[in-house]
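What you see is a predicted model, and the numbers here were worked out from it, not measured in a lab. The figures that follow rest on heavy atoms only: side chains count, while hydrogens, waters and symmetry mates do not.
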Amino acid sequence: MSERAAGWRAGLALLEERVACLPEKLLELASLDNPALPIRPAGVRRFVTTGLGSSAAHARFLALLIEDCVGLRARYAPASSLGIAPADAAEDVLVVFSQGLTPNVRPLLAAAACWRHVVVVTAARERDGDDAKSRILRDVRAAGGSVRMLPAEDEYGTLVRVVGPMLGYLEAIRLAKAIARGTSRASALDVDVAALAPLVAAGADACDRALARAGLTSLDCLERGLALLARGDYGLVVANLQYKVLEGMWLPLPPVWDPLELAHGPLQQGFPGPMTLLALTHAGDGVERALLDRIGAALERPRHRIIELEAALPGTLAIFEHEAMLDRLMLRWIAERQLDQASWPGQGRDRALYDAEDWVGAIPTEAGAAPLRIAATFDALTSTELEAAVASGRATAIVPLGSIEQHGAHLPLSTDTRIGDALAERLCERVPEAIRLATFSLGCSSEHLGFGGTLSLRPETFTSVLEDVVASLAASGIRRVFFFSAHGGNFAVLGAALPGLRAIAHGVEIGAFTDLDGLTSALHEAGARERISPQAAGHHAGEVETSIVLALDAASVRRVTLAPGLVEPTDDPQSLFYPRLRSRAPGGVVGDPTLADAARGRRYLDLWVDLLLAEYRGEKNVK
């Protein structure tokens, strides 16, 4: 046997051995204790997840589970965006997936004490010696963080990994379940691994059957025009399947297309040449079936092909079967092409990138200060950091306005203030030239004074405060101020105050979103698309506001007191509130909060931010 043949066969044999052990490894992981986090998850502002390579897929998967299954706020962030811990990291939990604890992610873990809590998911073992991996794990624990071990190895010896990628999904589910522990949502994260493991073992046969149904005797068709089809949120969690093609088969990273998006560019671009679509489907999904039939009718055979990889498991759990199927596809490709996975292109030259542990030091700073994070609030900065930010061009202040007022028996008095903070944070993520102030929590709420807990300013007091804020910001070098309100009672006062604010704001541009009717109509239209009537969506503490609070902090919603409020149709919502809301709605609720849904709440937030952004950028006229 030639040296070349021995090389590729050795790499293939190693991968085959690792793939064969996957069912056993899944059962081993499922048998391990699943410890609770040493924090109260419901009190966490946000979970931030990250990872590199195949681990990034697990981070995305966990963020989706936390939001959709646990009902808490989460987001995936690229590792390179977290090199400097955010100024408000103490409110957030950071979850880092890194199978081999690559040097690239170690700077994130070195800042573990900056976060409320840090969780590391890794296969790296802490040993008695003073090696770098052991040191960083000990430091994470010393800073109060958690380390969750995968029963895998580093998987060195081949470019692509198969054990860690499979186990990472299961650990993400286990971690989401640990976060949901003690709540009614925990049962939704139960996984029968004993039933799942045989499906993983059968993945190779399932793939072979799919290739046979497509009439393939060789895999030449994968050489050009390869893409994955995945419907809905499932497309967000299949990134590691792309890596099997990229790292395992040495082909360009295939795009992931939603079937509904195929007609909007992808089909037209790929139509003239060969195109192979790997459809990641679910057994019994009639919507997927109908869409694939339509796609099939649009293709031109035999130049175009659809290979249907159908999973028996529902929803995102199908990732385990699709992982196994792609493993089989990858192994067949390696055998056909005799790819040497133990000696890959660029081997050795990539070491400088793997070992880039000092990459954070290359981030430019002003006068030695840490670079400012988009998420940082005005009040969290030091005076010198603010001066540096303004000097670098971040001279816009976003000023959200809220209130402290009754929101029925089920929502906290700070509801509008919390929503204001959430909107401002999301807006600043899309306008990096801006710095957000914490939401001003006292507003014009006289209509709610008939209920306990409401704090209200007179309109002239409110206006004077805004004038003083603008003058103070101008003295700090701010050149543009953008106001918006999360409380309806502030809109009219803010609109009336704008001429005076602009008159005193010499050299400072003043902008504001003041279209309460437009905002209400947009939110109600969004609700109507999901069969929520405008009366149920409501104008105060109804379905809209309750859905948003569920998305932001589900634990703060008193579910036992949820009850419909005033749901009468009206052409003049303001007439319900003034002079006193209590005379029309004794419970303080206008709408039906019992219909609230966290996922819909996130969509409401996104829509609201879109409206704010349009006004901020002047992309359309807003009254």
* Structure fact -> Smallest heavy-atom separation, Phe97 atom then Ser55 atom, equals O-CB, 3.2 Å
* **Heavy-atom donor-acceptor pair, Thr49 side chain to Ala59 backbone, under 3.5 Å** => yes
* Asked: Does a donor on one side chain sit under 3.5 Å from an acceptor on the other, for His282 and Glu310?
  -> no
* Asked: Is the closest side-chain donor-acceptor distance between Asp416 and His407 under 3.5 Å?
  -> yes
* Look at the side chain of Ser54 and the backbone N and O of Pro165, then say whether any donor-acceptor pair between them is shorter than 3.5 Å. => no
* Using a 4.5 Å cut-off on heavy atoms from C-beta on, say whether the side chain of Ile398 contacts that of Leu437. => no
* Asked: Of the non-hydrogen atoms in Ala56 and Gly51, which two are nearest, and what is the gap between them?
  -> CB-O, 3.4 Å
* Side chains of Arg148 and Thr122: do they bring a donor and an acceptor to under 3.5 Å? -> no
* Glu155 and Val162: which non-hydrogen atoms are nearest, and at how many Å? -> OE1-N, 2.9 Å
* Lys/Arg N to Asp/Glu carboxylate O, Arg116 vs Glu91, below 4.0 Å -> no
* **Pro151 backbone acceptor or donor facing Lys25 side chain under 3.5 Å** => yes
* Exercise: do Asn240 and Glu323 side chains pair donor with acceptor under 3.5 Å -> yes
* **NZ/NE/NH1/NH2 to OD/OE distance under 4.0 Å, Asp285 and Arg231** => yes
* **Test item: side-chain donor near acceptor, Thr439 and Asp421, under 3.5 Å** => yes
* Asked: Considering the options Arg75, Arg45, Arg73, which one meets the salt bridge (charged side-chain N to carboxylate O under 4.0 Å, His left out) requirement together with Asp92?
  -> Arg45
* Asked: So do the side chains of Val96 and Val121 get within less than 4.5 Å of each other, counting heavy atoms only?
  -> no
* Side-chain ion pair, Glu530 and Arg600, N-O less than 4.0 Å -> yes
* Got a salt bridge between Arg328 and Asp205, using NZ or NE/NH1/NH2 to carboxylate O under 4.0 Å? -> no
* Short question: side chain of Arg174, backbone of Leu32 - any donor-acceptor pair under 3.5 Å? -> yes
* State, yes or no, whether a side-chain contact exists between Ile173 and Phe61 at a heavy-atom distance under 4.5 Å. => yes
* Can you measure from CG (Leu262) to CG (Leu277) and round to the nearest 0.5 angstrom? => 6.0 Å
* Asked: Would you say the side-chain atoms of Lys133 pair up with the backbone N or O of Gly100, donor to acceptor, closer than 3.5 Å?
  -> yes
* May I ask you to check whether Thr520 and His539 show a side-chain donor-acceptor distance below 3.5 Å? => no
* Got a donor-acceptor contact below 3.5 angstrom from the Thr377 side chain to the Ala438 backbone? -> no
* To do: Working to the nearest 0.5 Å, report the span between CD1 of Ile419 and CG of Asp553.
  => 11.5 Å
* **Check ion pair Arg418-Glu545 (N to O, under 4.0 angstrom)** => no
* To do: Kindly say whether Leu94 contributes a backbone atom to a donor-acceptor pair with the side chain of His117 at under 3.5 angstrom?
  => no
* So does Glu308 pair up with Arg209, basic N to acidic O under 4.0 Å? -> no
* Structure fact -> What one should report as the nearest heavy-atom pair of Val193 and Leu26 is CG1-O, 3.7 Å
* pair Pro38-Ser146: side-chain heavy atoms closer than 4.5 Å -> yes
* Asked: Mind checking whether Tyr234 and His322 have ring centres under 6.0 Å apart?
  -> yes
* Please check if the side chain of Glu321 supplies one atom and the backbone of Gly203 the other of a donor-acceptor pair under 3.5 Å. => no
* Short N-O contact, Asp68 and Arg602, less than 4.0 angstrom -> yes
* Just by modelled atom types, is the Thr50 backbone N or O under 3.5 Å from a matching donor or acceptor in the His58 side chain? -> no
* Asked: Between the main-chain N or O of Glu543 and the side-chain N or O of Ser547, is there a donor-acceptor pair closer than 3.5 Å?
  -> yes
